[in-house]
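First comes the structure, then the notes that go with it.
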Amino acid sequence: MGGGGQQTDRIADTNGRFGTYTWEEVQKHTKSGDQWIVVERKVYNVSQWVKRHPGGLRIIGHYAGEDATDAFNAFHPNLQLVRKYMKPLLIGELEASEPSQDRQKNGALVEDFRALREHLEAEGCFKTQPLFFILHLGHILLLEAIALMMVWYFGTGWINTAIVAVILATAQSQAGWLQHDFGHLSVFKNSRWDHLLHKFVIGHLKGASASWWNHRHFQHHAKPNILKKDPDVNLLNAFVVGNVQPVEYGIKKIKNLPCNHQHKYFFIGPPLLIPVYFQFQIFHNMIAHGLWVDLVWCISYYVRYFLCYTQFYGVLWAVLLFNIVRFMESHWFVWVTQMSHIPMDIDYEKHQDWLIMQLVATYNIEQSYFNDWFSGHLNFQIEHHLFPMMPRHNYWHAAPRVRALCDKYGVKYQEKSLYEAFADIIRSLEKSGELWLDAYLNK
């Protein structure tokens, strides 16, 4: 969705106009090489365009045969520009007798949600406060400078090194939340600046790839907690999550690890995610797909780090410090990002409307200054998922209106304490592990 495209074959009726289609006809075009989507009742053939879509081919494929209007609005800052580029892909529109929503979606709820979005836009909830993000970047750079100065003045003793490691892990985690803001195009009016700063923060400050992050993260937002569509619930067969996947794996006798103990070894897994799996995956992705700009930004991080710290620690101990920082950052990242998702519904595609799909997959954490800072405002996970381009400092303003809409339609809006959210991860993994064991032994 978005960007340019080549002219496609346009299907016309006998009067030379574009065709009109039923939902039944649209839903036949869902396979690779033959994919249609519907946006604002217009039907688009995106079969060839998916390969050049800036957000990746999978995110469009996940909406093949569906109404993608709310996802389209959620991910594109300049809708008029994108609509212009989509014109060559237009093949028709829905028949007048067809509802605007596909399948059994509640049309009134969908329209009220879109009205809420327009209301929040009119109130300025999608306008950014540059000073907020300047200060956030400033405190990250300050933490980096303090860590280096402490080594410079106090040496490389164990206690000082431990403090430096904590400071660097904090800077890395906070940089992770900041790159998330730029990646969602929620900081600047001109998205080009967001893209540039995103590469700087995730590349030069964190040593990762913007394109790799975009490819994974937008799939997660488009179809959260949906098996085979959300990469965040593809846990390398080391964990089984939800109520459906454990039974499925158990029946198939899949046993890569003793999943009935996954709530115990979860404390070991998170520290390894960033320094082991993500680090390998990022470099492999950049080289395999020729992401040379991302690779340069990424290398600049490693050059900067080792120039700063090898002069004090030497190469071996600088590498050790680097991995300790990554281990701590990885723990922080996993607990925060999974606390609102793993305990929620995880299942195969149900074709729910945007509001319900996001609400069954996530919940909020109580608001406080610490929780806001600690989680990068992802304690407002519901509002972030509904409006991913909304600047995070405005989530609090949108939250009461979202809750009111949920109450109107009986949609469950959940909020928990930070401690309860962390505990729920373990309880959920334990329950899923028991379901797996029962299916493995008895089905």
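Count residues from 1 along the sequence.
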Greater than 12 external heavy atoms within 6.0 Å of Trp158's CH2: no
Ring-ring centroid check His289 His215, cutoff 6.0 Å: no
Phe312 ring center near Trp317 ring center (under 6.0 Å): no
Aromatic ring pairing [X]/[Y], orientation class (parallel under 30°, perpendicular over 60°, tilted between):
X	Y	value
Phe182	Phe188	parallel
His53	His76	tilted
His220	His217	tilted

Salt bridge (Lys or Arg N to Asp or Glu O under 4.0 Å): pairs with one or both residues in residues 184-201, sequence neighbours excluded: Lys199-Asp294
Summary of salt bridge (Lys or Arg N to Asp or Glu O under 4.0 Å) pairs that have at least one residue in residues 208-217, sequence neighbours excluded: Arg216-Asp232
Those residues that, when tested against [X], pass ring pair (Phe, Tyr, Trp, His ring centres under 6.0 Å) (two or more places apart):
X	answer
His263	none
Phe370	Phe374
His195	none

Side chains of [X] and [Y]: is there a donor and an acceptor less than 3.5 Å apart?
X	Y	result
Asn379	Ser375	yes
Arg103	Gln352	no
Glu248	Tyr348	yes

Between [X] and [Y], is there a side-chain N and carboxylate O pair less than 4.0 Å apart?
X	Y	answer
Arg427	Asp424	yes
Lys416	Glu366	no
Glu329	Lys206	yes
Lys350	Asp345	yes

Which pairs pass side-chain hydrogen bond (donor to acceptor under 3.5 Å, both in side chains) with one or both residues in [range], sequence neighbours excluded?
range	answer
residues 298-308	His204-Ser300, His204-Arg304, Gln279-Tyr302
residues 429-441	Asp438-Asn442
residues 400-414	Asp112-Lys408, Asp112-Tyr409, Glu123-Arg401, Asn364-Tyr413, Glu383-Tyr413

Qualifying residue, where the test is side chain to side chain donor-acceptor pair (under 3.5 Å) with His180 and the options are Arg392, His384, His198, His377: His384
[X]: which residues meet the side chain to side chain contact (heavy atoms under 4.5 Å, CB included) condition with it, sequence neighbours left out?
X	answer
His331	Pro270, Pro271, Trp335
Met389	Pro77, Arg117
Leu135	Leu131
Met150	Ile146, Phe154, Asn160, Ile163, Val164, Ile167

